[in-house]
J.: 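Supplied in structure tokens, the structure appears directly below.
Within every chain, numbering begins at 1; the chains are lettered A, B, ... in the order of the sequence lines, protein sequences first and strands thereafter. Remember, predicted model here, so these are calculated numbers, not experimental data.
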There are 2 protein chains.
Amino acid sequence: MASTAPHDGAVIERLIEVSFRVSGLLTRIAAANDVSLTQLRLLAMLRETRPRMAVLADRLGLDRSTISGLIDRAVTRGLVERVGNPDDARVVHVALTDAGRQLADLLHHEMAGAVAEITGRLGGAERADLLYLLDRMLDDLAHP
Amino acid sequence: MASTAPHDGAVIERLIEVSFRVSGLLTRIAAANDVSLTQLRLLAMLRETRPRMAVLADRLGLDRSTISGLIDRAVTRGLVERVGNPDDARVVHVALTDAGRQLADLLHHEMAGAVAEITGRLGGAERADLLYLLDRMLDDLAHP
DNA sequence: TATTGTTATACTCTATAACTATA
DNA sequence: TATAGTTATAGAGTATAACAATA
């Protein structure tokens, strides 16, 4: 199998380390804007979609009951709202409020700036290589 | 500056996505072994060093008071122990117990296996490229 | 006085189990 | 009966502020 190449262990350790660094950056950005990392992930998702509770649970990797509490707190803070589904009265969708969208956009901007500092000293060709490799890895995760 | 290259946004989004995926993998491995992601990071650090509380706080990006609680719970579970410092009675070091080292080694093994699945389909040359790029990024983070 | 670490407090995050409402 | 979501509960993680012990 492919996993016996000599530098495998080194690649793995660096990948974990970079992931921790990126998570740390994002946690700090979230904290500076008075939200948790989980709320940041939630807001990032809601910029593009208006999912129902079960989908949020699946995508964030959390239990449905956890999502209920998460959304409760976000509603209390005026960031999101619950929206009913006319086709199935059991279903609840979640959508950004105007204030929520404003914060989500701000967070996205700050995230991009922070991560740009990580990739900032790479040259154009290196960045292209990195993009290719990241896409390969994400592909593998999507189609295991 | 270098941060205006055309694919920058794409690189940033992929890097965040990969980081979330890796964090998700590690969280699942931690949960399967009945520890939190923070405990997993703690145990990973302690495999190589025997740091004092303030260093743990710094490296994990947490408040000292948070570390006190974290270590309390790890001590209760028999994973680590507090060790005094003869040169300065205020200082407390943290070290793995035998059981803690066993768990830390197991977690390390499982982490390596999981991350290997992410990098598994990359060829040898691609893996070498990835290692180079990850090192460049970690270097930049260390010497900003 | 300054530093190291702990404690008290309050809030968020998280899962399990039991529940309600709808299909 | 099965599914979507909520609530009750309990424990972990987290920071702020106040504190004790040591330097």
J.: Counting just side-chain N and O atoms, does Thr66(A) come under 4.0 Å of either OP1 or OP2 of dT14(C)?
T.: no
J.: Using atom CG of Leu70(B) as one end and atom C1' of dG5(C) as the other, report the distance to the nearest whole Å.
T.: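 That distance rounds to 14 Å.
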J.: Within the 4.0 Å heavy-atom criterion, would you say Leu62(B) contacts the bases, only the backbone, or no part of the nucleic acid?
T.: sugar-phosphate
J.: Is it true that Val91(A) and Val55(A) fall in one hydrophobic cluster, defined by side-chain heavy atoms closer than 4.5 Å?
T.: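 The answer is no; the residues belong to distinct hydrophobic clusters.
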J.: Output the rounded distance in Å from CG (Leu56(B)) to P (dT4(C)).
T.: 14 Å
J.: What I want to find out is whether Asp58(A) reaches Arg52(A) closely enough, with some N-O distance under 4.0 Å, to be called a salt bridge.
T.: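 Salt bridge flag = no for Arg52(A) with Asp58(A).
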J.: Find which nucleotide of DNA chain C each of Gln39(A) and Asp88(A) is nearest to by heavy atoms, and output the residue with the more 5' nucleotide.
T.: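 Result: Gln39(A).
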J.: With no hydrogens and no angle check, do the side chains of His93(A) and Glu81(A) hold a donor and an acceptor under 3.5 Å apart?
T.: no
J.: Taking atom CD1 of Ile16(B) and atom OG of Ser19(A), what is their separation to the nearest 0.5 Å?
T.: 11.5 Å
J.: Nearest whole angstrom, please: distance from the C1' of dA4(D) to the CG of Asn85(A).
T.: 11 Å
J.: Sub-3.5 Å donor-acceptor pair from the side chain of Arg136(A) to the main-chain atoms of Tyr132(A), do we have one?
T.: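 A pair under 3.5 Å: no.
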J.: Between dA4(D) atom C1' and Asp58(A) atom CG, what is the distance in whole Å?
T.: 14 Å
J.: Looking across every strand, which nucleic acid part, if any, lies under 4.0 Å from Arg77(A) by heavy atom: base, sugar-phosphate, or nothing?
T.: nothing
J.: Is a donor-acceptor contact shorter than 3.5 angstrom present between the side chain of Arg90(B) and the base of dT3(C)?
T.: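 Checked by distance alone, the answer is yes.
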J.: Please tell me if Arg64(B) has a side-chain N or O lying less than 4.0 Å from either OP1 or OP2 of dT6(C).
T.: no
J.: Can you say whether a donor on the side chain of Ser65(A) sits under 3.5 Å from an acceptor on the base of dT16(C), or the other way round?
T.: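 Side chain to base: pair present.
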J.: Rounded to whole angstrom units, what separation is found between the CG atom of Asp34(B) and the P atom of dA12(D)?
T.: 10 Å
J.: Between Ser68(B) and Asp87(A), which is nearer to the 5' end of DNA chain C once each is assigned its nearest nucleotide?
T.: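 Nearest nucleotide further toward 5': that of Ser68(B).
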J.: Using a cut-off of less than 4.0 Å, is there contact between a side-chain N or O of Ser36(B) and OP1 or OP2 of dG13(D)?
T.: yes
J.: Report the distance from atom CG of Asp63(A) to atom C1' of dA15(C), rounded to the nearest whole Å.
T.: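 It works out to 6 Å between those atoms.
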J.: How long is the line joining CE of Met53(B) and P of dA21(D), in whole Å?
T.: 17 Å
J.: Between dA4(D) and Arg52(A), is there an OP1 or OP2 to side-chain N/O distance shorter than 4.0 Å?
T.: yes
J.: To the nearest Å, give me how far apart CZ (Arg28(B)) and C1' (dT14(C)) are.
T.: 16 Å
